[in-house]
Structure formats: C-alpha cells, structure tokens
Asker: 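Take this structure first; my questions come after.
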Amino acid sequence: MIKIQKKNFNLEEEIDKIKNKHSDIGAQTSFVGYVRDLNNNKDVKYLNLEVYEEMAFKELSKIENNALKKWSLIDTLIIHRYGKLNVNEKIVLVSCFSQHRKDSFNACEFIMDYLKKDAPFWKNEFYYKDDEWLENSK
Amino acid sequence: MIKIQKKNFNLEEEIDKIKNKHSDIGAQTSFVGYVRDLNNNKDVKYLNLEVYEEMAFKELSKIENNALKKWSLIDTLIIHRYGKLNVNEKIVLVSCFSQHRKDSFNACEFIMDYLKKDAPFWKNEFYYKDDEWLENSK
Amino acid sequence: MRIRYFAWIKDITNKDDDVIDINHPKTIQELKKYLENLYPELRKHFLQDVLRFAVNQEYVSENLSLNPIDEIAIFPPVSGG
Amino acid sequence: MRIRYFAWIKDITNKDDDVIDINHPKTIQELKKYLENLYPELRKHFLQDVLRFAVNQEYVSENLSLNPIDEIAIFPPVSGG
C-alpha cells in the first residue's frame, strides 16, 4: 500500500492495520525518516516538501513490485508526507512484512535506497536566514 | 533502553518516547517479531515464552553496547515480552535511532541476529494436540 | 503537450507548467532548445546535465520521441525519504 | 551454589533450581557428573553437547573454576526474538 499525504500518521495504527490482515506475518521491519534540527551545519526551521504526486505513486509502485519479486514478502506499506514539516516530524515510513526476518530487513532497506534515488520528492529546507533545495547523495 | 515485560506495547508511544529526547535523529529502523498462526506445519494456539531475566538484561546490554561501538547511533530500544502470547501478538521490538539511515538499518539487524543467538528466551509453542520447545537456527 | 516544473526549476520559470499547442518538440533535445529560448537561465543546467526528465510520469532517455498528448516533467535531483 | 534450570530442562529436573551447600563442584565438568547422578536423563543431552551453561549470568567455557557463591544456569539453545 502506498500513501502520499500531508498529515501525520501513527506507527502503531498504520502497522497494525496491515498486520491484522495476515496471521502468517512473523516479522516486520520498518524505517522512519524525521526532520532533523541541524543540516549543512545550519539550524533547521522547517522543511517544505514538494511532490510530483502522480509520478511518485508510479515510481513507488515499481519499487514495491521489485521488492516483492526479490524477497518473500506478505505485504508492504509506504507512507510519504509532503507540505510543511517541522523539526522532529516524521517524513516517511517504509514497512515490510514477511514470515522471516531477513526478507523484511532486506526489502525495507532496498525500498528506502530506491525511494531516495528515484521517487520524485524534493526537500526545501528553511534555516533562520536562508533556504536550500536538498539533493540526495547518489 | 532494555525492557523485559509481560504486557503489550504501543509502537508509536515507545518509539516517540525515545525520539522526543533527541532532535538530531533523522533515521529510525525497527524490527517487530509476532506470533505466527502456523509453525512446523502445525496450527499454533499460543506461545509460552520463558526468560532468564537477570541474564537477558546482561546479554542484551552487551549486544546493545557492541552495536553502539560498531555504528554511529543516537539511541536504541529493545523490548522483549515473556509469558503467554497468543497468535498475532508482538513478541519483540528492536529500534535503532541515528542521524543517517545506514547506521540504523545495520545496527537493528545486528541486534536481532545476536538476540536470536544469545539472549536467554525460550519459546514453548502450543499446538492443538501437543507442544514443542523451539530452537533458533544457528 | 504539457511541461511541468518542480522544485527550484519553478524559481526560474516562475510558473508550475507550460502548455505547447503547436509545433511541439519531437524529442527531449528539441524540448531543451525550446525551453532555453523561453528561460535562458535553464541553459547552464542543461549543460551541466543535472536535471531529470519524465514523460507521462516515467523517467526517459533522451532519444524517446514525444507526442502532443504527453505530460513532460523537468526537475532537479530528488531528495525524498 | 545455586543451579538454575530453564525451558525443557525443568521437565527433567521437575524443579526450577537446586542449591548445593557442601562439596560443590569445582568445574562445569564436575557439575555435569553431579547432575547426571541426580538426573540420569540429563546424561544423553550432555553427551550430545547441546546444552548451554552460564555462570553468574554469563556464558562460560568448561574450564572456568566454580565458586560456592556462583549462580549456575543450564539451558537448551535459546529461541527468543
């Protein structure tokens, strides 16, 4: 499942919603990205996160499908927020559900790597004096 | 932080409690293990999870300290339950907090691997006709 | 043909998109020429080869031929996650 | 010296622990002899070398010397997580 939304989300609720559908899940690995208070050696005020929404759905679906082909997964969940995000707020959740733990670990890391590389989101980071558009390292 | 407890836990609350202490956290990877409905080709009724509590604290602390030496981590959280656990219930949470994602992924997987290998917990799995003491694969 | 701009590209174009109704470019190369004309500041970024192009929400190589109904997007390296 | 049992070891000993007050074993090897005497069913598991020993909540090698105040634990392979 892929969700692209402005609003915050609750980890317990989101993960539970998927877990409750499948009693054969034994393992769940998830990654959460947060807005940090310091970046490029500057105090961060907030992020403005822009998305190309139609393309983001397509790209994230491709990445999700590639993960499902590579590992034995029962379900996956990606939530990516956009809009104004303050320091300490959650930006992204990637959660992978499987019978055994190695599949969920590998798939979660794989999805994050490709999300960072290809998903059309852009962080405009606002400091106290100026702002900057970030670029993920290759 | 290490918690060994009978009662269930809420992912959002537990992870948030740690996250709120550190505004420099940018990444959090967590693993959750659940009781599956089927194991050894038998329908599972419930688990009885036994722990050698004093030793579990010592072993998990060692594993946590080794992870802190190997990776750049801001904080870690391990919660392991014991007692009677029904199908679909959470058994364990390992959560690693860092500035950047690779540290949190690697540390979380490392802690789970050593927890499975060395932490003194034993699952007594009850089926409809009999029960079995499980052993983690090497 | 609709051309959509994202992130700091919009600071150069001062708008979210352009619609080309006639004489639409047939390739990404032709599109670049067209846009350099409209927004001279884009030229140096095209030369540095840092921007990415998508056609109908898919990343493309430059030799793809473009159709009038296509939605094209131009954007800098992504930074989600 | 207190000897604690965990998991299915308790099904053999029918108790959680034993306390040895006099003539306590000096090594894990001597402890095994002592326990085989008390619980003959343990012998085959000692021979298969599947059980793990901890002294004062730490895994040990067999040649450690044991003290009267030690807490020893005997248990099968773990299965947490």
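Here the structure is a predicted model, which means the values were calculated and not measured. Per chain, numbering begins at 1; letters A, B, ... match sequence-line order.
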Asker: Has B/Phe110 got more than 12 heavy atoms of other residues, nucleotides or ligands less than 6.0 Å from its CZ?
Answerer: yes
Asker: Taking non-hydrogen atoms and a cut-off under 4.5 angstrom, which of residues 66-76 of chain D neighbour chain B?
Answerer: D/Glu71, D/Ala73, D/Phe75, D/Pro76
Asker: Looking at every heavy atom in both B/Trp122 and D/Ala7, which two are closest together, and how far apart are they?
Answerer: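 Closest heavy-atom pair between B/Trp122 and D/Ala7: CG-CB, 3.7 Å.
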Asker: When only heavy atoms count and the cut-off is under 4.5 Å, which of residues 20-31 of chain B reach chain D?
Answerer: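 Residues in range: none.
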Asker: With side chain to side chain contact (heavy atoms under 4.5 Å, CB included) as the test, would you mind laying out the steps for D/Arg4 and B/Glu54 before giving the verdict?
Answerer: CA-CA 12 Å; D/Arg4 297 181 66 176; B/Glu54 305 91 318; 2.9 Å; yes
Asker: Take atom CG of B/Asn8 as the centre, draw a 6.0 Å sphere, and report whether it contains more than 12 heavy atoms from other residues, nucleotides or ligands.
Answerer: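 Yes, enclosed.
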Asker: Would the distance check show the side chain of B/Asn136 and the main-chain N or O of D/Gly80 forming a donor-acceptor pair, the cut-off being under 3.5 Å?
Answerer: yes
Asker: Search all heavy atoms of B/Asp118 against all heavy atoms of D/Val78 and return the closest pair with its distance.
Answerer: N-CG2, 4.1 Å
Asker: Check whether any side-chain heavy atom of D/Gln57 sits under 4.5 Å from a side-chain heavy atom of B/Phe57, and report yes or no.
Answerer: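 SC-SC contact between D/Gln57 and B/Phe57 ruled out.
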Asker: Please find the pair of heavy atoms, one from B/Met55 and one from D/Ala54, that lie closest to each other, and give the distance.
Answerer: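 Minimum heavy-atom contact is SD-CB, 3.5 Å.
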Asker: Going from CG on B/Asn124 to OG on D/Ser79, what distance comes out if it is rounded to the nearest 0.5 angstrom?
Answerer: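 B/Asn124 atom CG to D/Ser79 atom OG measures 8.5 Å (nearest 0.5 Å).
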Asker: Other residues, nucleotides and ligands only: do more than 12 of their heavy atoms fall within 6.0 Å of NZ on B/Lys70?
Answerer: no
Asker: By number, which residues in residues 78-94 of chain B have some heavy atom less than 4.5 Å away from chain D?
Answerer: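 The list, in residue order, reads B/His80, B/Ile91, B/Val92.
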Asker: Decide if atom NZ of B/Lys62 counts as having more than 12 heavy atoms of other residues, nucleotides or ligands within a radius under 6.0 Å.
Answerer: yes
Asker: Could you please state which residues from residues 127-134 of chain B sit under 4.5 angstrom from chain D, measuring non-hydrogen atom to non-hydrogen atom, sorted by number, or 'none'?
Answerer: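 Residues of residues 127-134 of chain B touching chain D at under 4.5 Å: B/Trp133, B/Leu134.
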Asker: In terms of heavy-atom proximity below 4.5 Å to chain D, should B/Lys123 be classed as side chain, backbone, both, or neither?
Answerer: both
Asker: Given heavy-atom pairs under 4.5 angstrom as the criterion, report whether the side chain, backbone, both or neither of D/Asp16 touches chain B.
Answerer: neither
